[in-house]
> 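Handing you this structure, nothing more for now.
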Amino acid sequence: MGIESAFAQEQDAASAGSSRLLGAGLAFGLAAAGAGIGLGFVGAAGLAAISDNPKMQSRVFIFVGMVESIAIYGIVMMFIILGQ
């Protein structure tokens with residue numbers, strides 16, 4: 001009986017560790033994928049806007065930075081999940 005209960009506790013600890021790794025990977029992977037898709041749309045529209053009006057360049061860079069911040073949030077969440 002003592003061996004079975006000790007084995008069950010080790011299995012729960014291993015399951016918690018693997019769940020944490022899976023959650024961290026999903027947090028970063030989905031954030032990076034979403035940022036990549038969004039950057040494609042924003043980049044295409046931004047280049048079209050800059051070609052029409054070169055004064056729009058600073059606004060386009062702000063929008064690109066906002067989209068890239070989503071990936072940074074994903075990295076931060078990954079480190080928060082792994083740090084617990």
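Excluded from the calculations below are hydrogen atoms, water molecules and symmetry mates; all remaining heavy atoms, backbone and side chain alike, are included.
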> Indicate every side-chain donor-acceptor pair of residues 26-55 with a distance under 3.5 Å to a residue at least two apart or in another chain.
from, atom 1, to, atom 2, distance (Å)
S51, OG, L47, O, 3.4
S51, OG, A48, O, 2.8
N53, OD1, K55, N, 3.3

> Could you check if a side-chain atom of L21 sits within less than 4.5 angstrom of a side-chain atom of I81, using non-hydrogen atoms only?
no
> If you measure from CZ on F61 to CE on M56, what distance do you get to the nearest 0.5 Å?
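If we round to the nearest 0.5 Å, F61:CZ and M56:CE are 12.5 Å apart.
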> Just list the side-chain donor-acceptor pairs under 3.5 Å for residues 67-80, sequence neighbours left out, or say none.
from, atom 1, to, atom 2, distance (Å)
S69, OG, M66, O, 2.5

